[in-house]
Amino acid sequence: MAAKIAYDEVEVGTELPAQSFPVTRETLVRYAGASGDFNPIHWNEKFAKEVGLPDVIAHGMFTMAEAIRVVTDWTGDPGAVVEYGVRFTKPVVVPNDDEGALVEVSALVAAKLDDGRVRVDLKAMSAGQKVLGMSRAVVQLA
């Protein structure tokens, strides 16, 4: 696969289509099974509160993975992402109800680099709080 977006077609400030990602307790259990991360802060409400958290929280790596989907869906090729990093600023709190939490992600082209690459800055929010800081990806475009 190759990126479907051409380098010449984007400018600094180009906004990527925003997306929202629901996160439920079931989502966390499935991710724990797939990743092998069974830390009880991600599934045991009593334990999470005992260690000072407001409730069960989503895995940081899960939140990071959901956020980059905005970029991979835009490019049409997950392999186009050549660098990606974030700072975990706030946890995604996932209540035990039918709705869970919502991670809302927006992104824009922040810089055009050499060799057909662009830097994309992402903004990930949940419950009105920024949950990822310094979220940036370098993407190889067509």
Side-chain angles (χ1 to χ4, degrees), residues 1-5 7 9-142:
M1 290 178 68
K4 296 177 183 177
I5 305 294
Y7 179 80
E9 294 175 5
V10 300
E11 299 297 330
V12 170
T14 298
E15 293 184 22
L16 284 60
Q19 295 187 50
S20 296
F21 303 100
V23 185
T24 64
R25 295 282 177 96
E26 179 184 0
T27 308
L28 300 182
V29 169
R30 289 177 184 271
Y31 182 82
S35 69
D37 182 352
F38 293 102
N39 187 323
I41 64 173
H42 303 303
W43 58 270
N44 184 320
E45 187 173 326
K46 180 179 179 287
F47 182 84
K49 289 181 177 181
E50 285 175 352
V51 298
L53 295 168
D55 207 332
V56 165
I57 62 170
H59 303 73
M61 296 302 286
F62 171 80
T63 305
M64 186 178 176
E66 290 290 82
I68 197 66
R69 288 176 56 191
V70 168
V71 176
T72 60
D73 288 354
W74 176 66
T75 65
D77 178 11
V81 176
V82 295
E83 292 178 32
Y84 179 44
V86 306
R87 287 192 182 155
F88 300 106
T89 56
K90 298 279 184 187
V92 175
V93 179
V94 183
N96 190 17
D97 59 20
D98 294 335
E99 293 181 26
L102 193 64
V103 177
E104 299 171 291
V105 182
S106 59
L108 62 84
V109 175
K112 291 185 84 168
L113 310 172
D114 295 331
D115 300 327
R117 294 179 178 196
V118 296
R119 189 186 88 218
V120 176
D121 290 356
L122 296 94
K123 181 179 177 184
M125 305 285 292
S126 184
Q129 294 190 319
K130 189 174 181 180
V131 295
L132 298 176
M134 298 296 291
S135 184
R136 296 180 175 167
V138 174
V139 183
Q140 180 69 56
L141 298 181

Do [X] and [Y] come close enough that some side-chain heavy atom pair is under 4.5 Å?
{"X": "Leu132", "Y": "Val105", "value": "no"}
{"X": "Leu113", "Y": "Val118", "value": "no"}
{"X": "Leu108", "Y": "Val120", "value": "no"}
{"X": "Phe38", "Y": "Asn44", "value": "no"}

Can you name the salt bridge (charged side-chain N to carboxylate O under 4.0 Å, His left out) partners of Lys130, sequence neighbours left out?
-> none

Mind checking what makes side chain to side chain donor-acceptor pair (under 3.5 Å) contact with [X], not counting sequence neighbours?
{"X": "Glu26", "result": "Arg30"}
{"X": "Thr27", "result": "Thr24"}
{"X": "Lys112", "result": "none"}
{"X": "Asn39", "result": "none"}

Would you call Arg119 and Asp121 a salt bridge, taking side-chain N to carboxylate O under 4.0 Å as the test?
-> yes

Distance-only, no hydrogens or angles: does the Thr14 side chain make a donor-acceptor pair with backbone N or O of Val10 under 3.5 Å?
-> no

Can you check whether Ala18's main-chain N or O pairs, donor with acceptor, with Ser106's side chain at less than 3.5 Å?
-> no

Contact summary for [X] and [Y], nearest pair of heavy atoms:
{"X": "Pro95", "Y": "Ala101", "result": "CD-N, 4.2 Å"}
{"X": "Val103", "Y": "Ala124", "result": "CG1-CB, 4.5 Å"}
{"X": "Leu102", "Y": "Ser20", "result": "CD1-CB, 3.9 Å"}
{"X": "Val94", "Y": "Gly100", "result": "CG1-CA, 4.3 Å"}

Going by atom types only, do Gln19 and Asp73 share a side-chain donor-acceptor pair under 3.5 Å?
->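 Indeed, the side chains of Gln19 and Asp73 share at least one donor-acceptor pair under 3.5 Å.
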
How would you list all residue pairs meeting salt bridge (Lys or Arg N to Asp or Glu O under 4.0 Å) that involve residues 57-70, not counting sequence neighbours?
->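 Output for this query lists Glu66-Arg69.
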
Only pairs at least two apart or in different chains count here, so list each salt bridge (Lys or Arg N to Asp or Glu O under 4.0 Å) that has a residue in residues 76-99.
-> none

Expected list for residues 50-65: side-chain donor-acceptor pairs under 3.5 angstrom, two or more places apart:
| residue | atom | partner | partner atom | Å |
| --- | --- | --- | --- | --- |
| Glu50 | OE2 | Lys46 | NZ | 2.6 |
| Asp55 | OD1 | Arg25 | NH2 | 2.7 |
| His59 | NE2 | Asp37 | O | 3.2 |
| Thr63 | OG1 | His59 | O | 3.2 |

Ring pair (Phe, Tyr, Trp, His ring centres under 6.0 Å) contacts in which one or both residues fall within residues 74-116, not counting sequence neighbours =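 Checked against ring pair (Phe, Tyr, Trp, His ring centres under 6.0 Å) - neighbours excluded - no pair reaches residues 74-116.
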
Can you give me every donor-acceptor pair (side chain of residues 135-142, partner residue at least two apart or in another chain, under 3.5 Å) with its distance?
| residue | atom | partner | partner atom | Å |
| --- | --- | --- | --- | --- |
| Gln140 | OE1 | Arg117 | NE | 2.9 |
| Gln140 | NE2 | Asp115 | O | 2.8 |
| Gln140 | NE2 | Gly116 | O | 3.4 |

What distance do Met134 atom CE and Leu122 atom CG have between them, rounded to the nearest 0.5 Å?
-> 12.0 Å

